[in-house]
Q: 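The structure follows.
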Amino acid sequence: MGDSNIFNQIALKWQKRWEDTKIFEVKAYPGKKKFYCLEMYPYPSASGLHMGHARNYVIGDVLARYKRMNGYNVLYPMGYDSFGLPAENAAIQAKSHPKIFTEKAITNFIRQQKSLGLSYDWTRKIMSHSPEYYKWDQWTFLKMLEKGLAYKKQSLVNWCSKCNTVLANEQVTPKNTCWRHTNLEVESKELNQWYLKITDYAEQLLEGLDKLYGWTEEVKTMQRNWIGKSHGTKLWFDVIDEKGQKTDKISTYTTRPDTVYGITYLVLAVEHPKVIEWTKGTEYEQKAKDFIQEVKKKSIIERTAEGKEKNGMFLGKYFINPFTGDKCPLWIADYALYDYGTGAVMAVPAHDQRDFEFAKKYNLPIKVVISPTSWELNAERMSRAYIDPGILVESQDFNGMNNKDAIDEITNYAEQKGWGKRTVNYKLRDWLISRQRFWGCPIPIVYCDACGIVPVPEKDLPVILPEDIKFEGAENPLTKHEPFINTKCPNCGKPAKRETDTMDTFIDSSWYFIRYCDPANNTKIFDSNKVNYWLPIDQYIGGTEHATGHLIYFRFFTKFYRDLGLLKVDEPAVRLYNQGMLHLNGSVMSKSKGNVVLPEEVSEKYGIDTGRFYMMFVASPDKDMEWSSQGVEGSYRFLKKFFDLLSEKVSSEAIEKREESKLHSTIKQVTENIKAIKYNKAIISIMQFTNYLHNRNSISKQSAEALVKLISPFTPHISEELWEKLGHKQTISFENWPLHDENKIDAETDYLEEMLDNTRNDIISVMKLTNINKANKITLFVAEEWKYALANIVKQTLAETRNPKDIITKAMQDPQVKSKSQQAMKLIPKLTKESNLPKAVASQRKEHQVLNDARKLLEKEFKCTVVIVKEQDSNRHAKAVSALPGKCGVLLE
RNA sequence: GCGGGGGUAGCAAAGCCUGGUCAAAUGCGCAGGACUUAAGAUCCUGUCCCUUAGUGGGUUCGGGGGUUCGAAUCCCCUCCCCCGCACCA
């Protein structure tokens, strides 16, 4: 391989310098404005990172660099989500230790990330597999235990046979597969596991969403759905035996208490404990067991997909509907979910589609209690449930009531009678955190025959994951590691056994962003002062795929620490940015698909700045984009042009007015667009200004310096180099961001410059056409433009009225203006914006001035006399027209 | 079904919030030209259609309708694509 690219050499030079001078290391600095910019920390995969990952990091890096230049104390850290299965599986295969794989991968990640020029404060690096970090996972767990938020229970759980562990609800895909093995369905197992009571925070997690103004609606909606709050009513019914004796109670949850008079049966989920209880010793016992078996064989998706055929079975029991006194049958059915509500459903077949289908299949009665206003429902002839609003019928005292009102009224009535109670229900479930795997944070619990479940005392933390382990098969080697398992009960000192399950790795990522604020603290989880200074995260960047997992968990943890009094914020991140995916050859770039572009390739060929620039330029960072090697070439061409221009063509002359005007509007646009993370637009402004300067073949020092600053967040290495070439000794990274001066932006000047350019081109064209290469005199015919006519109208109208709309109308009535309405209207906003008369006049005056300037410039350029006459000066105009074919605006003499 | 995001010239992608300066930025691609022995690189010009030295005219922003002096932009209807949730009682 030959010499690497010049940009690459520059990149290496500056990366080394940044590292040597430690310029990106930060400290909490109370009183100084801060900005916390964070990308979701990665799992350090052995395959390293490709440009798709790089895109994500560059989005944050650009912002971090921009904020630094705006005087913010910027916290921009990186770390590794380094517990987890891939490393463990690799270790199993190689009969080695996951730590070895993990740390090797991390080393590689760091090397790659540094090569991207990311301005992280590397001293804050955290790795969740280090005992210094996971000690505080354990500490947090103990705190939760203390507060009653961690508990152990026997329950049906999701089990992935490939991962050989249980999974949280959030880790099961909608297709009911494991998130890591998307073609393997998860199984259901009944296990005794540790849970975190995230449901205690359901309401806060829901309400907090309204405060997250910097989150997309998409993610907030997903979280709302996931939390799944609904208002309803709990109703309980007396259960009777065949003789009519009351034997038990059953409670149900409904959002439709207005339909209680239409209940004709009740179904329980198969998991409901009452099923076994009630059928015990009856003729239904075996049948029920078989039915449950049958249902459990099916996957959750088979059971719960909408439209699936519903199956059920009568339980041989009845209940009394207290509203009507009717005796109705109790069933079990596969469509009832044990997880939701109370695990039992009061069935109203006339007004619920699922109940309707079930009733039809098993010939259960259908009773209409809500009637549409304009026609009559006939229970026998219904082909589907009636779920629209209507008027109550067959509902005793509530007959005739609008069903919406009846929801409230009937609930009141039920509460009065003691039959039911208003409740709020959530779909959110508690978080199952036990994992039957080795490579995770040990759960700090000891089981003692005498004392039961005993937490490891805080002083004994961390419970360390042993290094001398042997993998045999896929099983967690901790279960056979005697020195780990065998311990003494912290309570009574007798021999006891340690919990061998480890925690879900999402625990690690639930608070890592807090630890960054105080990463090396070994006396407590973090220092509150430091954390209160840095939090909340001002800009969080990561994929939408975490919407209902990590992004809920980290909010939960934040609220928990807040309740412990450790920090003050309610929400971890006020702004969340979801980046788009990078594609190659039409599909998402990924190692497993084999369609990756590596940062190394890009660096070698073009320098990494080119890659950064290209990715930020092609599309808005939140949109998916396609990698195109030709596109990268284009960016490279531009950067070379940019680099040459600023290295060689910087002049010492004072900045010209027009250049200054363009410079200031460029500063304005770039700044606004970076702020809004519309980097693509910011870059385009930079390109346009650069191209403008390039055509003029010179650039003032003022523009040069501003331009280098403006581009520096995107192409930091090249920018440092140019900054140095411009004679600066300090890094550009902390230079003041350029400010634009609105007064220097002069649209009028820009417009007139364009006009001058056109005129110049006209003259050249005419010269060519007439074979004249030098004219002594050039006469320009400038149209007595509609502008003046319009300005007059505006002036007049303004004198009469102050309503811009009137002006427009009046202008349209003027035949002269109307004929050129399209062009004429272009000027209207300018003139009417502030409805102020002097401005209209001023703009008129200015035009004359500039025409004069134009004349001078043209005279200089063409070395001749230039005469400007109004087009209406018809003599001269006629002469011009006759001198050349067509209508002529330029006459050469 | 519910919720979210989209459909713009050969391709990618701006513009839409705040209607007029929009035949619509920018990049890629393509065509022509300059330079060169040549290729590459670089630079210039063009790139919806017709016409022009410049101007100008015509038809465009998924489809249809409306509001307006004026619509890619606002409103209504409709078609298509993507993504989340989904028998949640």
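Sequence lines set the chain letters: A, B, ... in the order given, protein chains first and strands last, and positions in each chain run from 1.
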Q: Who are the ring-ring contact (aromatic ring centres under 6.0 Å, His included) partners of H583(A), not counting sequence neighbours?
A: none

Q: Just to verify, which of F617(A), Y679(A), Y614(A) counts as forming a ring-ring contact (aromatic ring centres under 6.0 Å, His included) with F714(A)?
A: Y679(A)

Q: Using the 3.5 Å cut-off, write out each protein N or O paired with an N or O of nucleotides 5-16 of chain B and the distance between them.
A:
residue	atom	partner	partner atom	Å
rG15(B)	OP1	K681(A)	NZ	2.5

Q: Report the base-pairing partner of rC74(B) (Watson-Crick or G-U wobble, both distances below 3.5 angstrom), or none.
A: rG66(B)

Q: Please report the distance separating the P of rU45(B) from the corresponding atom of rA25(B), rounded so that it comes out in whole Å.
A: 15 Å

Q: How is S628(A) classified with respect to the nucleic acid when contacts are heavy atoms under 4.0 Å: base, sugar-phosphate, or nothing?
A: nothing

Q: Check whether any side-chain N or O of K367(A) sits under 3.5 Å from a backbone N or O of Y261(A) as a donor-acceptor pair, and report yes or no.
A: yes

Q: For the backbone of Y577(A) and the side chain of D622(A), can you confirm whether one donor and one acceptor N or O come within less than 3.5 Å of each other?
A: no

Q: Once you round it to whole Å, what is the distance between C1' of rA25(B) and CG of N673(A)?
A: 12 Å

Q: Just N and O in the side chain of N225(A): are any of them under 4.0 Å from OP1 or OP2 of rG1(B)?
A: no

Q: Taking all heavy atoms of S685(A) and all of T666(A), pick out the closest pair and write down the distance.
A: O-CG2, 3.7 Å

Q: G634(A) near the nucleic acid: base, sugar-phosphate alone, or nothing, with a heavy-atom cut-off under 4.0 Å?
A: sugar-phosphate

Q: Starting from P on rC83(B), measure out to CD on Q223(A) and report it in whole angstrom.
A: 21 Å

Q: Which one, rC87(B), rG4(B), rC43(B), comes nearest to the side chain of Y335(A)?
A: rC87(B)

Q: Looking at every strand, decide which applies to R224(A) at a 4.0 Å heavy-atom threshold: base, sugar-phosphate, or nothing.
A: nothing

Q: Would you kindly give the CG-to-C1' distance between D334(A) and rA89(B), to the nearest whole Å?
A: 14 Å

Q: rG29(B), rC88(B), rU26(B): which one has an atom nearest the side-chain heavy atoms of L337(A)?
A: rC88(B)

Q: I want to confirm an ordering. Mapping M222(A) and E633(A) to their closest nucleotides on RNA chain B, which one lands closer to the 5' end?
A: E633(A)

Q: Looking at R354(A), does any N or O in its side chain come under 4.0 Å of the phosphate oxygens OP1/OP2 on rC88(B)?
A: yes

Q: For atom C1', what is the distance between rU8(B) and rC61(B), given to the nearest Å?
A: 4 Å

Q: Taking the P atom in each of rG65(B) and rA72(B), what is the distance between them to the nearest angstrom?
A: 14 Å

Q: Could you pull out all residues at least two apart from L584(A) that satisfy side-chain contact (heavy atoms from CB on, under 4.5 Å)?
A: M589(A), N595(A), V597(A), W627(A)

Q: Classify the nucleic acid contact of Q353(A) as base, sugar-phosphate or nothing, counting any heavy atom under 4.0 Å across all strands shown.
A: nothing

Q: Specify the separation, in whole Å, of atom CZ of F613(A) and atom C1' of rU26(B).
A: 10 Å

Q: Which part of the nucleic acid, if any, lies within reach of D644(A) when heavy atoms closer than 4.0 Å are counted: base, sugar-phosphate only, or nothing?
A: nothing

Q: Could you list the donor-acceptor pairs under 3.5 angstrom formed between side-chain atoms of residues 629-644 of chain A and any protein atom two or more places apart in sequence or on another chain?
A:
residue	atom	partner	partner atom	Å
E633(A)	OE2	Y606(A)	OH	3.0
Y636(A)	OH	N5(A)	ND2	2.5
K641(A)	NZ	N691(A)	OD1	3.0

Q: Quote, to the nearest angstrom, the C1' distance that separates rG7(B) from rG15(B).
A: 15 Å

Q: Checking contacts here: which listed nucleotide (rC44(B), rU42(B), rA89(B)) is nearest the side-chain heavy atoms of R637(A)?
A: rU42(B)

Q: Please list, one pair per line, the donor and acceptor atoms closer than 3.5 Å that link side chains of residues 228-235 of chain A to other protein atoms, with sequence neighbours excluded.
A:
residue	atom	partner	partner atom	Å
K229(A)	NZ	E203(A)	OE1	2.9
K229(A)	NZ	E203(A)	OE2	3.0
S230(A)	OG	Y253(A)	OH	2.7
S230(A)	OG	Y340(A)	OH	3.1
T233(A)	OG1	T411(A)	OG1	3.2

Q: Expressed as a whole number of angstroms, how long is the span from F638(A):CZ to rC28(B):P?
A: 11 Å

Q: Which nucleotide, if any, forms a Watson-Crick or G-U wobble pair with rG84(B), using both distances under 3.5 Å?
A: rC2(B)

Q: When the distance from CD1 of I227(A) to P of rA86(B) is rounded to whole Å, what number comes out?
A: 14 Å

Q: Among residues at least two apart in sequence or on other chains, which ones pass ring-ring contact (aromatic ring centres under 6.0 Å, His included) with F358(A)?
A: Y265(A), W331(A), Y335(A), Y362(A)

Q: Searching all strands shown, indicate the nucleotide that pairs with rA9(B) (Watson-Crick or G-U wobble; both distances under 3.5 Å).
A: none

Q: Report the nucleotide, chosen from rG84(B), rA89(B), rG29(B), that has the shortest atom-to-atom distance to any side-chain atom of T254(A).
A: rA89(B)

Q: Once you apply the 3.5 Å cut-off to both distances, tell me the Watson-Crick or G-U wobble partner of rA23(B), or none.
A: none

Q: Ignoring the backbone of T255(A), work out which of rC43(B), rA89(B), rU26(B) is nearest its side chain.
A: rA89(B)

Q: My understanding is that a pair needs two contacts under 3.5 Å, Watson-Crick or G-U wobble. By that rule, which nucleotide pairs with rC43(B)?
A: rG33(B)

Q: Y614(A) or V345(A): which one's nearest nucleotide on RNA chain B is closer to the 5' end?
A: Y614(A)

Q: Partner of rA14(B) by Watson-Crick or G-U wobble geometry, both contacts under 3.5 Å, or none?
A: none

Q: May I have the distance from L645(A) (atom CG) to rU42(B) (atom P), rounded to whole angstrom?
A: 16 Å

Q: On a whole-Å scale, what distance lies between the P atoms belonging to rC48(B) and rU55(B)?
A: 15 Å

Q: Can you tell me, in whole Å, how much space there is between the C1' of rU73(B) and that of rC17(B)?
A: 9 Å

Q: Do NZ/NE/NH1/NH2 and the carboxylate oxygens of K360(A) and E357(A) come within less than 4.0 Å?
A: no

Q: Going by an N to O cut-off under 4.0 Å, is there a salt bridge joining D352(A) and R384(A)?
A: no

Q: Does K427(A) contact rC88(B) through a side-chain donor or acceptor facing the base, at a distance under 3.5 Å?
A: no

Q: Could you check which of rC43(B), rU42(B), rU26(B) has an atom nearest any side-chain atom of K641(A)?
A: rC43(B)

Q: Can you tell me, in whole Å, how much space there is between the P of rC82(B) and that of rA12(B)?
A: 16 Å

Q: Between rC79(B) and rG64(B), how far apart are the P atoms? Round to whole Å, please.
A: 15 Å

Q: Quick check on rA89(B): is either OP1 or OP2 less than 4.0 Å from any side-chain nitrogen or oxygen of Y340(A)?
A: yes

Q: Expressed in angstrom and rounded to an integer, what is the separation of N691(A) atom CG from rU42(B) atom C1'?
A: 14 Å

